Trainee: 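Mind looking over this structure? Questions follow.
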Number of protein chains: 2
Amino acid sequence: MEWSIRDLAREYDVTLRTIRHYEALGLLTPERRGQTRVFHNRDRIRLELVLRGRRLGFPLDEIARIVNMYDDRPGEEGQLRYLLDQIGVRRAELARMREDISRTEADLDAVEARCREELDRLR
Amino acid sequence: MEWSIRDLAREYDVTLRTIRHYEALGLLTPERRGQTRVFHNRDRIRLELVLRGRRLGFPLDEIARIVNMYDDRPGEEGQLRYLLDQIGVRRAELARMREDISRTEADLDAVEARCREELDRLR
DNA sequence: ACCTACGCTTACGTGCACGTCAACGGTAGT
DNA sequence: ACTACCGTTGACGTGCACGTAAGCGTAGGT
């Protein structure tokens, strides 16, 4: 259950540079066998999270914080409260995106309708 | 029914620079009274579309194409077909985002649950 | 022995979306 | 006349997310 940097790059359709960049930002923490990076399942899961965050337009440093939520065992009450707060913030952002998506889809519906109309008229 | 650049900036919480930038990219086409920009309802609608696209993480040049779909009277059949095709592409992207959002929400649920558990244990 | 494919680091370059001056002009109030 | 606030056009700067070499080492196939 080990993967080279190239394996991951191929599977998730990203460049080697991107993966190295993510490691530099602490998003991935591959094992080092000599100089060579060796990736485990943990890294694949993390990479998937990162790519999802990226598709949703989150900056990488925010993604880093989110991703680290999964790992961190905060322990302290203040941190836990902060974490719950952050979760709320993310939820709000996601909810807003959902609305934006719905509105945009509605707009696309309208454009498509006019488009088909016009296309019919051409016959 | 006219607005200054500052009016728009205030209402939509963007900078003047941003609005000028959007004009430079053809996203907004304010009237020019002398040198001064005068915005009409059309520009407000466009700005809302742009900001929505921005929140969804679309690059501005893509947004430009989408926004111009609403205005263009393509007429020609080839263009109409292309337009319908593009609409399909956007829809696919939006659908994917929806899935990403759902998955992310589910993840947040899990983190939140663990978080509350931990918080309870502290008492 | 040599090529091919893989891996590494260091470091400068790039595209996008603006930010941030600088330098200027018009208008309205005191 | 002076100040304050609105507007304008360059044009260089910035932060992010990588792209793109340069230069190097290693391991396997012919």
Side-chain angles (χ1 to χ4, degrees), chain A residues 1-40 43-44 46-68 90 93 96-97 100, chain B residues 1-40 43-44 46-68 90 93 96-97 100:
Chain A
M1 284 292 192
E2 292 181 351
W3 292 270
S4 74
I5 188 170
R6 199 163 297 267
D7 293 336
L8 279 198
R10 257 195 285 268
E11 180 169 359
Y12 293 100
D13 193 33
V14 293
T15 67
L16 305 191
R17 180 67 174 91
T18 298
I19 294 179
R20 295 196 187 109
H21 184 53
Y22 290 170
E23 186 195 3
L25 297 182
L27 290 164
L28 302 175
T29 53
E31 184 196 337
R32 289 297 189 125
R33 205 160 292 164
Q35 268 200 322
T36 307
R37 278 166 261 255
V38 178
F39 295 87
H40 299 273
D43 297 302
R44 295 182 30 136
R46 284 187 151 240
L47 182 52
E48 286 176 22
L49 286 172
V50 172
L51 296 179
R52 231 164 59 197
R54 192 176 74 164
R55 286 196 299 272
L56 293 178
F58 288 104
L60 290 181
D61 58 347
E62 274 197 42
I63 296 175
R65 274 186 240 118
I66 298 173
V67 165
N68 287 326
R90 301 304 155 211
E93 289 183 58
R96 170 133 115 168
M97 276 192 205
D100 284 334
Chain B
M1 284 295 193
E2 293 181 349
W3 292 269
S4 73
I5 189 171
R6 198 162 296 265
D7 293 336
L8 278 198
R10 258 194 284 268
E11 181 168 359
Y12 293 100
D13 194 32
V14 293
T15 67
L16 306 189
R17 181 68 176 89
T18 299
I19 293 180
R20 295 196 187 108
H21 184 53
Y22 290 170
E23 186 195 3
L25 297 181
L27 289 164
L28 302 175
T29 54
E31 185 197 336
R32 287 299 185 123
R33 205 161 292 164
Q35 270 200 321
T36 307
R37 278 166 261 253
V38 178
F39 295 86
H40 298 272
D43 297 301
R44 295 182 30 135
R46 283 185 152 239
L47 182 52
E48 286 176 23
L49 287 171
V50 172
L51 295 179
R52 230 164 59 197
R54 192 177 73 164
R55 285 196 299 272
L56 294 177
F58 289 105
L60 290 181
D61 58 347
E62 273 197 43
I63 295 176
R65 274 186 240 117
I66 298 174
V67 165
N68 288 324
R90 301 306 155 207
E93 289 183 59
R96 171 133 111 168
M97 277 193 204
D100 285 334

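Being a predicted model, the structure only gives us computed values, none of them experimental. In what follows, every chain begins at residue 1, and chains take the letters A, B, ... in the order their sequences are listed. What's counted below: heavy atoms across the whole structure, side chains too, no hydrogens, waters or symmetry copies.
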Trainee: Using a 4.0 Å heavy-atom cut-off across all strands, classify R33(B) as base, sugar-phosphate, or nothing.
Mentor: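 Nothing: the residue R33(B), judged by heavy atoms under 4.0 Å, touches no strand.
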Trainee: Starting from P on dA17(C), measure out to CD1 on I19(B) and report it in whole angstrom.
Mentor: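 The distance from CD1 of I19(B) to P of dA17(C) comes to 16 Å, rounded to the nearest Å.
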Trainee: Between E62(B) (CD) and dG15(C) (P), how many Å, whole number?
Mentor: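 It is 17 Å, rounded to the nearest whole Å.
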Trainee: F39(B) and side chain to side chain contact (heavy atoms under 4.5 Å, CB included): which partner among L47(B), D7(B), I19(B), T29(B)?
Mentor: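 The residue from L47(B), D7(B), I19(B), T29(B) that satisfies side chain to side chain contact (heavy atoms under 4.5 Å, CB included) with F39(B) turns out to be I19(B).
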Trainee: Consider the side chain of R32(B), meaning its heavy atoms from C-beta on, and name the nucleotide among dT9(D), dA17(D), dC6(D) that approaches it most closely.
Mentor: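 Per side-chain heavy atoms of R32(B), the pick is dT9(D).
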Trainee: Looking at the side chain of T18(B), which of dG19(C), dT9(D), dC18(D) is the nearest nucleotide?
Mentor: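 The answer is dG19(C), which lies nearest to the side chain.
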Trainee: Start with the C-alpha gap between L8(A) and V14(A), add the side-chain angles, then the distance that decides, and say whether side-chain contact (heavy atoms from CB on, under 4.5 Å) holds.
Mentor: CA-CA 8 Å; L8(A) 279 198; V14(A) 293; over 6 Å; no
Trainee: For the side chain of P59(A), counting heavy atoms from C-beta on, which of dC8(C), dC18(C), dA17(D) is nearest?
Mentor: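 Between dC8(C), dC18(C), dA17(D), the one nearest the side chain of P59(A) would be dA17(D).
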Trainee: Please give, in whole Å, the distance from dC18(C) C1' to D61(B) CG?
Mentor: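 Result: 15 Å.
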Trainee: Which whole-number value in Å describes the distance from Q35(A) CD to dT9(C) P?
Mentor: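 Taking atom P of dT9(C) as the reference, CD of Q35(A) is at 5 Å.
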Trainee: Within less than 4.0 Å of OP1 or OP2 of dT8(D), is there a side-chain N or O belonging to R37(B)?
Mentor: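 Yes, R37(B) has a side-chain N/O under 4.0 Å of OP1/OP2 on dT8(D).
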Trainee: In whole Å, what is the span from the NE2 atom of H21(B) to the P atom of dC16(C)?
Mentor: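 Spelled out: NE2 on H21(B) to P on dC16(C) is 9 Å.
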Trainee: Using whole Å, what does the distance between atom C1' of nucleotide dC16(D) and atom CZ of R54(A) come to?
Mentor: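 Nearest whole value for this atom pair: 13 Å.
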Trainee: OP1 or OP2 of dG26(C) versus the side-chain N and O atoms of T36(B): is any pair under 4.0 Å?
Mentor: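 The answer is no; no side-chain N or O of T36(B) sits under 4.0 Å from OP1 or OP2.
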Trainee: Just checking R20(B): base, sugar-phosphate only, or nothing, at a heavy-atom cut-off of under 4.0 Å?
Mentor: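 Result for R20(B) = base.
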Trainee: Give a yes/no on whether any side-chain N or O of Y22(A) is located under 4.0 angstrom from OP1 or OP2 of dC18(D).
Mentor: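 Answer yes for this pair, as a side-chain N or O of Y22(A) is under 4.0 Å from OP1 or OP2.
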Trainee: Considering only side-chain heavy atoms of R17(B), which listed nucleotide, dC8(C), dC18(D), dC18(C), is closest?
Mentor: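 Taking heavy atoms from C-beta onward, the closest nucleotide is dC18(C).
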Trainee: Looking at every non-hydrogen atom in both residues, tell me the closest pair between V38(B) and D43(B) and how far apart they are.
Mentor: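 Shortest heavy-atom contact: O-OD2, 4.4 Å.
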Trainee: Of the listed nucleotides (dA17(C), dT9(C), dC6(C)), which one gets closest to any side-chain atom of L60(B)?
Mentor: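 Of all the options, the side chain of L60(B) is nearest to dA17(C).
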Trainee: Let's see if you can work this out: which of dT8(D), dC18(D), dG7(D) has an atom nearest to the side-chain heavy atoms of S4(B)?
Mentor: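 Nearest to the side chain of S4(B) among the choices is dG7(D).
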Trainee: State whether E93(A) and R90(A) are salt-bridged, where the test is any N-O pair (Lys NZ or Arg NE/NH1/NH2 against Asp/Glu carboxylate O) under 4.0 Å.
Mentor: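 Looking at E93(A) and R90(A), the cut-off is met.
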Trainee: So which nucleotide from dT9(D), dC18(C), dC6(D) ends up closest to the side chain of R6(B)?
Mentor: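 It is dC6(D).
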Trainee: Provide, to the nearest angstrom, the distance between the CD atom belonging to E23(A) and the C1' atom belonging to dC8(C).
Mentor: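 Taking atom C1' of dC8(C) as the reference, CD of E23(A) is at 11 Å.
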Trainee: Heavy atoms only: give me the nearest Q35(B)-R32(B) pair and the separation to one decimal.
Mentor: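 Between these two residues, the closest heavy atoms are O-NH1, 2.7 Å.
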Trainee: With a 4.0 Å limit, can you tell me whether T15(B) has a side-chain N or O closer than that to the phosphate oxygens OP1/OP2 of dG19(C)?
Mentor: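 Yes, such a contact exists.
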Trainee: L16(A) CG to dA5(C) P: how many Å, rounded?
Mentor: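 Atom CG in L16(A) sits about 14 Å away from atom P in dA5(C).
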Trainee: Can you name the nearest heavy-atom pair linking R54(A) to I63(A), along with the distance?
Mentor: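 Nearest pair, atom of R54(A) first, then I63(A): N-CD1, 3.6 Å.
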